[in-house]
Participant: 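Next up is a structure, given as structure tokens.
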Amino acid sequence: MACAWLLVAKGRFTTDLTLFMPEPSTRVEQLLLDQLREGPAARLMLMALQGGSEAARATVSKALARELRASGLFFRVANGELTAAENSEPLLFRYRYLLAPDEDPKRFGAEALRAALQQRLRELAAPLASLDKNRLPADPTAAFRALMQAWRPISEPLRREGLWFSPTGERALLFAETRAPGYDMDAQAHTVRAIEQRFQRVRQTPEVQLLLSGPAAFAVESRHTIRTEAGRISLAASLFLILFLGFVYRSPRLLLLAAVPLLTGTVVAATVVSLAFGALHGITLAFGVTLLGVAVDYPLHLFSHAHSPEPVENTLKRIWPTLRLGVITTVMGYAAMSWTDFRGMAQLGVFAASGLLAAAACSRWVLPRLFPRDWAPPYDSAQSRWTAPLRPRARHADYLLAAVAVIALWVLFSNRESLWEQDLAALSPIPASARTLDRTLRHQMGAPDVRHVVLVTAPDAETALRRAEGFAPKLETLVSQGLLEGFDMASRYLPSQATQRTRQAGLPAKRQLEADLAAALSGLPFKRSLFVPFVQAVAASRQLTPLGPEDLQGSTLALRVAPLLQRRQEGWVALMPLSGIRDEAALAAELKRHSTEDVHYVDLKAVSNDAVNHFRDRALRRMAWAAALVLLVLSISLRNPWRVLGVSLPLFIAVAVDLALLVGLGQRLSLFHLMALLLVVGIGIDYGLFFGLPHQDSAMRRRTHHALSVCAISSVSVFGLLAFSQIPILRAIGSTVALGVLVAFLAAMVYAQRWRVVPYTSRALS
Amino acid sequence: MKRRVRPDRILALCVLLLAPLRGNSDEAWGIQHLMDALAQIPAAKASFREEKTLAMLDVPLVLEGWLYYKAPNYLKKQVIKPHLETFEVEGGRLLLNHDRDGPRELQLRDYPLLQALLEAFRATFAGDLASLQEHYHIALKGSAADWRLRLEPRDKTLAGRIRALTLKGAESRIYVVETLEVGGDLTVMKLQPRP
């Protein structure tokens with residue numbers, strides 16, 4: 001109880017997903033992690049409006065964009081509308097000659113000026129002279145217009161009524177960059193809700209629908225899906241348990257008491273983790289409670305073994321040594337997980353270990369006290385009939401099982417290449433249709449692929465920009481070779497200061513420009529003094545201090561540059577996102593050749609897959625150590641090699657057959673299967689220990705059998721329900737545990753019982 | 001003895017009988033009449049001379065060429081002097097063609113200001129009063145033989161660039177289009193209808 005108070009008062013829940021990423025081992029992984037955490041790609045929300053008439057979609061698009069901008073939840077909201085700011089930035093106008101992409105040294109010569117002026121004259125003759133008529137005196141070469149055009153995204157969506165639409169026009173497109181960082185699930189969920197609310201407000205007809213996509217939307221959606229599924233399944237499982245245990249034990253009091261150790265364990269575990277790590281991660285709680293499933297068995301053992309006239313306390317004392325051994329070995333297995341440099345798994349290990357210890361302690365010392373003094377069980381487990389069918393009939397069940405195990409091993413061996421799930425996306429609870437939508441929207445929006453990016457590191461911003469500029473020609477070559485469609489980089493919008501100075505040096509001196517301008521103007525009807533502002537602007541540009549990233553604060557240029565040029569702890573990094581990859585392998589090979597210490601090509605998906613695979617290998621190794629440790633402890637405690645074999649062989653068989661069945665069912669193994677195996681082993685140890693108890697009279701043997709049957713049936717059913725979930729993760733855990741526990745039960749029953757006495761001698765069993 | 005029919009009597013009778021058929025020539029002539037008259041024309045062709053007086057220029061820009069119209073929404077301005085250029089509007093599409101740049105196609109709904117401006121021409125040629133009233137404040141002066149139509153844009157953005165469009169004509173022929181921009185720049189296009 002005290003713990004519960006502590007938890008409620010001080011407990012901090014976090015939903016930071018990146019705790020569950022392994023610690024980065026290379027610089028590239030660190031950059032990847034940073035991008036996932038804070039990068040703009042993680043903050044992107046893609047929205048599409050479909051249904052209704054095109055005019056309705058356009059109206060709603062404008063209204064929604066307006067509402068979202070006003071909400072303050074986004075850095076920017078874009079729907080194709082040219083907001084006035086984009087077109088009349090004084091800073092950009094002043095710096096147009098330094099930022100402009102045109103580097104032709106002759107562009108200010110008399111000939112080029114004359115051509116430009118004639119072009120302007122022609123534009124003046126057009127029915128509606130263009131917007132920059134009043135810019136003409138200061139910018140006759142239309143440098144600002146060229147700048148704006150150069151900055152248009154590589155592929156912009158179709159424009160209708162001035163707004164973005166999908167190519168067929170059936171969807172209006174918008175995107176927004178959230179202020180909430182990508183890893184903060186709660187903030188993202190809040191943003192998603194806000195979008196939906198505002199859409200309801202501005203949607204004019206019920207025909208217009210909103211489609212939301214993007215990493216943040218996915219994360220929120222998956223969280224929601226997992227919660228509802230888990231909730232539904234928990235409900236079904238609880239219902240089943242209540243009915244089943246009610247049938248077996250016929251006492252509502254026992255039902256309630258059965259939950260006590262688990263709840264205690266959960267609360268204690270959560271407290272310990274909160275104190276040790278400062279916060280409890282939502283995922284830790286969810287998976288940790290799963291791992292604590294072993295604790296449900298403890299009270300069941302007590303209930304099944306209880307018989308009148310023996311007081312409950314004594315029953316417990318009798319079975320306690322076995323239970324204790326089981327607890328210790330399981331805790332060791334879980335604790336082995338916490339010894340890792342991976343915060344999320346460490347949390348999980350600590351949670352499970354501490355929770356289990358608490359649950360066991362509760363079962364031992366608290367539970368008996370909750371029984372009334374003269375309580376007698378309303379059933380006699382030794383007499384129960386329904387467990388009879390669960391006894392193995394086959395004569396040579398042990399040989400049969402051994403054969404099955406060998407087959408299982410063969411299956412695993414022959415499938416060893418395709419055993420593991422390589423593609424993280426397959427574990428995603430997001431349905432494939434949603435992922436396809438995201439891809440489509442992203443492509444239509446011209447949003448750069450978040451997956452392929454060239455990272456350029458440098459100690460400062462200027463070097464980063466210069467290095468990126470230096471690398472750009474190589475990428476241009478690859479574009480012309482057709483390996484990709486294009487790329488973006490910060491120096492496209494904000495050239496390095498070195499480049500800016502070069503351009504400055506290329507600007508003509510005042511006298512020269514005046515002379516050339518006079519020559520260009522001869523014969524043209526422009527007023528003499530019209531272009532004085534132009535001459536002054538060029539002269540001023542020669543004196544301007546080149547722009548750096550800090551100077552862009554508050555301008556729209558900052559929004560473009562920020563995702564492409566970022567400051568990190570160890571320096572700066574410039575990103576060059578690649579889009580329209582046609583041939584991934586060839587591109588990777590080419591870029592690898594050109595990579596240097598500071599320029600890396602990263603395929604985010606491959607890197608994250610690798611990172612998880614890395615972790616999985618480490619986890620496997622750790623589990624091997626844990627297994628050795630458990631065997632050691634068993635040997636020391638049981639002292640009888642046959643008993644040890646009787647406990648460990650069923651586990652081994654259970655794991656082998658379980659994995660083989662999963663592979664046979666077409667599942668590919670992942671981290672979650674491994675975690676579920678831990679639980680199978682934890683439960684299986686108990687079975688082995690209890691089935692292998694020596695010195696049991698027949699009544700006690702039947703009670704043991706009863707206890708273990710109840711445990712097995714409840715575990716298999718609850719996790720079996722999970723196995724039917726839509727969500728791959730839950731399905732993995734459920735099927736692994738259900739199948740594993742079943743096999744462990746059968747194997748323990750066969751082997752542990754056989755080898756609880758030394759074979760071929762007849763020791764008394766009394 | 002037969003009475004001879006007197007021709008002047010017959011004439012007077014005819015005049016009296018046919019009087020109602022002469023139409024409402026006494027009714028006041030107004031915008032609807034003008035629009036109706038213009039709507040009768042299915043197609044027109046005219047040569048134009050356009051003079052643009054801009055504050056930036058010493059001398060006015062002069063353009064010459066041909067203007068074509070076909071009911072209900074086809075307009076073509078073919079510039080011959082001083083350079084070759086074509087602006088062709090059909091429905092919602094605008095086709096630009098400059099001899100150096102080559103053809104370009106635009107959707108007018110992406111350029112609402114341009115669309116409103118072109119509508120002044122098209123709606124007037126087509127006699128589409130409803131559309132004209134939707135985009136402009138209309139003021140009509142004069143008579144059928146010599147009328148002056150002044151259009152002031154309703155849309156605020158367009159009104160910030162164009163002060164007024166004035167069309168002058170006689171009967172169903174338009175002779176002058178004057179565009180007065182905010183800031184004083186004036187474009188005067190004189191049309192000579194050709195068969």
Side-chain angles (χ1 to χ4, degrees), chain A residues 53-55 57-59 62 79-84 87-88 115-140 149 152 156-165 167 169 172 521-534, chain B residues 48 50-65 67 75-77 79 81-89 92 94 96 98-101 104 106-121 153 157-158 160-162 165 177 179 181-183 185 187 189:
Chain A
S53 68
E54 196 175 291
R57 288 196 289 275
T59 321
K62 279 192 236 177
N79 64 349
E81 267 178 313
L82 289 167
T83 46
N87 268 332
S88 56
L117 288 170
Q118 278 171 331
Q119 177 72 12
R120 298 291 95 72
L121 208 56
R122 224 191 63 217
E123 285 161 14
L124 285 176
L128 191 70
S130 51
L131 292 143
D132 15 71
K133 189 160 136 181
N134 47 359
R135 283 212 191 99
L136 182 58
D139 187 12
Q149 275 178 349
R152 260 205 242 124
E156 215 187 15
L158 174 73
R159 247 177 223 273
R160 297 235 186 131
E161 324 232 359
L163 300 172
W164 285 336
F165 275 82
L521 280 173
S522 73
L524 294 178
F526 287 107
K527 287 216 170 84
R528 271 309 89 181
S529 55
L530 187 62
F531 295 111
V532 165
F534 168 55
Chain B
F48 73 85
E50 193 174 17
E51 237 179 67
K52 285 176 109 94
T53 314
L54 303 172
M56 289 183 194
L57 304 180
D58 279 334
V59 292
L61 275 177
V62 177
L63 299 170
E64 283 177 31
L67 195 64
L75 268 177
K76 178 163 155 184
K77 177 182 179 185
V79 180
K81 285 200 196 131
H83 51 251
L84 285 174
E85 198 167 19
T86 316
F87 296 91
E88 205 171 329
V89 179
L94 170 63
L96 299 167
H98 183 83
D99 63 358
R100 238 183 301 163
D101 293 337
R104 253 179 70 197
L106 302 170
Q107 294 290 333
L108 277 178
R109 59 187 155 181
D110 293 335
Y111 302 91
L113 289 187
L114 191 57
Q115 186 172 35
L117 192 62
L118 286 172
E119 195 55 16
F121 288 84
T157 323
L158 190 58
R161 313 272 299 286
I162 308 250
L165 284 141
V177 180
T179 312
E181 291 181 40
V182 169
D185 291 345
T187 307
M189 184 196 267

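Convention: sequence-line order gives letters A, B, ...; per-chain numbering from 1.
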Participant: What closest approach, in Å, do Met56(B) and Leu136(A) show between heavy atoms, and which atom pair accounts for it?
Facilitator: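 Shortest heavy-atom separation between Met56(B) and Leu136(A) comes out as SD-CD2, 3.3 Å.
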
Participant: Sequence neighbours excluded, which residues qualify as side-chain hydrogen bond (donor to acceptor under 3.5 Å, both in side chains) partners of Lys77(B)?
Facilitator: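 For Lys77(B) the side-chain hydrogen bond (donor to acceptor under 3.5 Å, both in side chains) partners, ignoring immediate neighbours, are Glu50(B).
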
Participant: Quick check on Leu121(A) against chain B: is it the side chain, the backbone, both or neither that has a heavy atom closer than 4.5 Å?
Facilitator: both

Participant: To the nearest 0.5 Å, what is the distance between CD on Glu85(B) and CZ on Arg122(A)?
Facilitator: 5.5 Å

Participant: Compare every heavy atom of Lys527(A) with every heavy atom of Leu54(B), then report the nearest pair and how far apart it is.
Facilitator: O-NZ, 4.4 Å

Participant: Please identify each residue that fulfils ring pair (Phe, Tyr, Trp, His ring centres under 6.0 Å) with Phe87(B), with sequence neighbours left out.
Facilitator: none

Participant: If you compare all heavy atoms of Phe526(A) against all heavy atoms of Leu57(B), which two are closest, and at what distance to 0.1 Å?
Facilitator: CD2-CD2, 3.4 Å

Participant: With chain A, which of Leu108(B), Thr187(B), Leu96(B), Leu63(B) has the greatest number of heavy-atom pairs at distances under 4.5 Å?
Facilitator: Leu63(B)

Participant: List the atom of Val59(B), the atom of Pro525(A), and the distance in Å for their closest heavy-atom pair.
Facilitator: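 Closest approach of Val59(B) to Pro525(A): CG2-CB, 3.4 Å.
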
